[in-house]
Amino acid sequence: MKRRKMDKEDIKKIQENIFAKLEAQTKNIEGDIGFAIIQVGLDPVSTIYVGKKEEMARSLGIRCKKILLDERMGEQEIVENINKLNGSEDILGIIVQLPLPKGLNSRKILDTIDPKKDVDGLTTESLGKLFEGEKDGFFPATPAAVLGFIKEKEKTLEGKRAVIVGRSNLVGKPLSSMLLNEDATVTICHSKTKNLKEITKEADILVTAFGSPRLITVDMVKEGVSVFDIGINRVDGKIVGDVDEGVAKKAKYLSPVPGGIGPLTVLQLMANILKAAQKNEMR
Ligand code: NDP
């Protein structure tokens, strides 16, 4: 438990350092920096995440235009809204808050975003660039934040055995490409994986992104593992991760939940928006 408390202070320092860097970058960019978030419907969790993005943008002096659309809105109308933002000169980045209400084609909607404004890195073009190992694209915020965090903690990833539990397009799959690009040896597990424990026990770096409270227990990891817990689960009104706190007994590092990857993700998103602004300045 003590170790976990220390880790919280440690991650706070990392967050403060990133914030200071972003603040300095913002001052170096001439003119107004603006981006848009489209939220479809009033899902309470999405509303909280959108609020956090707006708040962070405000504290950095970045303008955020929030567009709230009715959840009964059809694909075509959402696409039209994105197209308007694509054509708007004062909008440098576009985010569509996920998940979208059931029945909407997320892939079609995301791929409407102009790749130059794809600060969430989720268009097919951005994901393709990541897959190719290109450095100039936008990378999805959560896995990019996790990679940055892992690199703060590990001197090198070369040859390390990395195990990711969860294969979503939002987290697990892009993170696997990022870790491969860093020369780690990567295994991805999912709900059909057999003998999960045998695989997680081999990990030097274990990333959990599957969303089941405290499923990874101390018997499932080896001594000295670094664990990065992305999971956000609500249990009895509390937020807990995918990893049981008992894992701290064996782990070299265990990231805290809440207060770990969530804030880093929002910072990474701001970094992507600043990247869009810098690219725009060079055009
Ligand atoms: P998805 O539901 O899209 O994907 C979950 C993945 O986990 C799937 O690949 C699924 O397998 C796998 N899975 C589910 N149950 C198990 C299990 N028991 N054993 C092994 N694999 C399992 O979730 P997301 O990727 O969007 O999110 C994952 C978690 O991360 C959630 O808790 C979410 O709240 C959190 N999250 C946190 C963020 C942050 O900023 N901190 C940002 C984004 C997500 P299969 O493919 O076979 O169904």
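Counting starts at 1 for both ligands and their atoms, in listed order.
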Inset, instruction - Flag yes if more than 12 heavy atoms outside Phe131 fall under 6.0 Å of its CZ atom; otherwise flag no. - result: no
Inset, instruction - Taking only heavy atoms of the protein into account, state which residues are under 4.0 angstrom from an atom of ligand 1, in chain and number order. - result: Thr142, Val165, Gly166, Arg167, Ser168, Leu170, Val171, His190, Ser191, Ala209, Phe210, Gly211, Leu215, Ile230, Gly231, Ile232, Ile261, Gly262, Thr265
Legend entry - Residues Asp111 and Thr123: side-chain donor-acceptor under 3.5 angstrom: no
Legend entry - Residue Glu16 excluded, over 12 heavy atoms near CD under 6.0 Å: yes
Inset, instruction - Using atom types as modelled and distance alone, determine if a side-chain donor or acceptor of Asn86 lies under 3.5 Å from a backbone N or O of Asp114. - result: yes
Legend entry - Residues, nucleotides or ligands: over 12 heavy atoms within 6.0 Å of Lys21 NZ: no
Legend entry - Qualifying salt bridge (Lys or Arg N to Asp or Glu O under 4.0 Å) pairs with a residue from residues 29-40, counting only residues at least two apart or across chains: Asp32-Arg63
